[in-house]
Amino acid sequence: MAGTFDISLDSLAGLSVAPENVSSEGLSASRQLQRESRTATGTLDGATFFLETFGCQMNDHDSEKVAGVLLSRGYKQVESPDAASLVLYNTCSIREKAAQKVFSRLGEYRTKQAAGQVIGVLGCVAQQEGEGIFERAPWVSLVCGSASYRKLPELLAQIEAGNQRVTGLDTDTDETFETPVTRRDNPWRAYLTIIEGCDKACAYCVVPFTRGPERSRASDSVLNEVRELSELGYSEVQLLGQTVNSYADPSSRRMRFSELLLAVADVPGIRRVRFTTSHPRDFGADIVAAIELEPKLCNHVHLPVQSGSTKVLREMVRTYTRAEYLEKIAMLREAKRPIAITTDIIVGFPGETEADFAETLSLLEEVRYDGLFSFKYSPRPNTPSLSMPDAISEEEKSRRLAILQEKQREIQGERNATLLGTRFDVLVSGKSRRENQWSGHSACHRVVNFTSQEANLLGTYVQVLVTSAGPNTLMGEQVT
Ligand code: 5AD
Ligand code: SF4
């Protein structure tokens, strides 16, 4: 059990700065940033940052925004923590293993830490652990959860002014983190957060605690950013949210999620629109109708089910039954365009019997997903399932996970085999070291590796004929 992460929600105070009674390492650290000279515009000159990201796409995109804020303050990004005056870890706490990684990284890093560096912990572990991080790793100076990123400039100013213990841990907000200065990693596909936080209360999940309540971004603001992205040359946008389809436009336009999808697709220059992650409860026929209507909306839906057993779903507080979930699947399968469906499943939730697990396996057979992300249940601090009886042993969880993954491998092998001889429109995003070998994604979000004699394909869309297919790979060749 992750007892060391336990904190009460009461301890999640808002923005605060602790007094300067800190270790010598901490003191020298922020003095370093103080020493960086200020330019006439008030930005830092000579300061550098290193930022490492753990976890999901939301975290990746948060890091892009954080990097943008730092660059606009005059920091330069460097590739190694050794070379940075500010070292930041954007952390994930969805499962215990992910959270542990951060502390082992901090521990590892301590021995290598150069004099005068400022260390910051961002993201979900920061939110979860709060000021406890200063106890566990006294060489850390900044602890900031994702719901407080909009205060980052303020927090950075405090660090630069020499404060030793700076925290942003507020989740009580109706604001989203919007910044005009996002520094995007991928030159063709842009992530765009349209809803932050989560109001669902799945019994196993830390997200409602670490990312706070749902806050949607105004549709005009989203559409303006998409127009800017298109002008910058991005042709694919991916709308992000923990429950992206629970989007509720706070502006007077009151656009529905499906209307927003269509409006984004309508922006000149945009060729592909993706969205993730959808919650089954809010997944309506209007979203399927939008995908049917608009070819620019990618024909892929990630619809986490978590379990095939209605009893376990009820214990998880997922708010739907197996039958209700299958109705959503039927809607997707009946669409005029084939839509790829992927899911998340947790095995070994407390009280999951062999019969419950058999129902998950039978759901896999029934739906025949195109992709699966599967996890062993991991007890997390503050979550209701932490205290549920009938824990499943690690050994049994591993056994169930292996069976589930083997079943999915079979299904994927069979499904992919039917794709032999079909053509995909592929956005090329990678070039192999092997000559004439490229890779990219289809609209249905499959990775396609292919051969082409052409040069400079990166960022272009090409037609690929599938010539071989395994459970996890599609190979093909470019056709004109
Ligand atoms: N244990 C295991 N898996 C979890 N997930 C969320 N919380 C937990 C947990 N405590 C999984 C869910 C979710 C995905 C992002 O991570 O399947 O959909
Ligand atoms: Fe977690 Fe459930 Fe919200 Fe997804 S919908 S982020 S699993 S609480």
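A quick note: this is a predicted structure, and the numbers were derived from the prediction, not measured. All ligand and atom numbering here is 1-based and tracks the order in the structure.
Residues Phe275 and Ile287 have side chains in contact (heavy-atom distance under 4.5 Å, counting atoms from C-beta outward). Proximity of Val301 to Lys328: side-chain heavy atoms (C-beta onward) are nowhere separated by under 4.5 Å.
We find that Glu225 and Arg217 are joined by a salt bridge, their nearest charged nitrogen and carboxylate oxygen being less than 4.0 Å apart. The existence of a salt bridge linking Arg400 and Glu354 is confirmed by a sub-4.0 Å separation between a basic side-chain nitrogen and an acidic carboxylate oxygen.
Within 6.0 Å of the CZ atom in Arg150, the count of heavy atoms belonging to other residues, nucleotides or ligands exceeds 12.
In terms of protein heavy-atom proximity, atom 17 (O) of ligand 1 is closest to Gln306 OE1, 2.7 Å. The shortest contact between atom 11 (C) of ligand 1 and any protein heavy atom is with Arg95 NH1, 3.3 Å. Shortest contact from atom 7 (N) of ligand 1 to any protein heavy atom: Tyr204 CD1, 3.3 Å. Protein heavy atom in closest approach to atom 9 (C) of ligand 1: Ser378 O, 3.6 Å. Distance from atom 7 (S) of ligand 2 to its nearest protein heavy atom, with residue and atom name: Tyr204 OH, 3.4 Å. Nearest to atom 4 (Fe) of ligand 2 among the protein's heavy atoms is Arg318 NH1, 4.4 Å.
Only the side chain of Phe375 comes within 4.0 Å of ligand 1, counting heavy atoms alone; its backbone N, CA, C and O stay farther away. Residue Ile94 touches ligand 1 through backbone and side chain together, judged by heavy-atom distances below 4.0 Å.
Taking each of Thr343, Val207, Thr383, Asp344 in turn, the one with a heavy atom nearest to atom 15 (C) of ligand 1 proves to be Asp344.
The line from OG of Ser63 to CG of Leu70 is 10.0 Å long, rounded to the nearest 0.5 Å.
Considering backbone and side-chain atoms alike, Arg380 places every N or O at 3.5 Å or more from each N or O of ligand 1. Ligand 1 has no nitrogen or oxygen under 3.5 angstrom from a nitrogen or oxygen of Tyr377.
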Under the salt bridge (charged side-chain N to carboxylate O under 4.0 Å, His left out) criterion, do Arg368 and Asp370 qualify, and how do the steps go?
CA-CA 7 Å; Arg368 298 182 70 74; Asp370 297 278; over 6 Å; no
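Excluding waters, the set of protein N, O or S atoms lying under 2.8 Å from atom 3 (Fe) of ligand 2 comprises Cys198 SG.
Shortest non-hydrogen contact noted between Cys198 and Val207 is CB-CG1, 3.9 Å.
Under the 30°/60° scheme for interplanar angles, the aromatic rings of Phe54 and Tyr89 are found to be tilted. Relative ring orientation between His441 and His445 is described as parallel, the plane-to-plane angle staying below 30° on a 0-90° scale split at 30° and 60°. Ring geometry, Tyr369 versus Tyr325: the interplanar angle falls from 30° to 60°, so the pair is classed tilted.
Ser148 places no side-chain N or O within 3.5 Å of a backbone atom of Lys151 that could act as its donor or acceptor partner.
For ligand 1, the atoms lying closer than 4.0 Å to a non-hydrogen atom of Lys376 are 1 (N), 2 (C).
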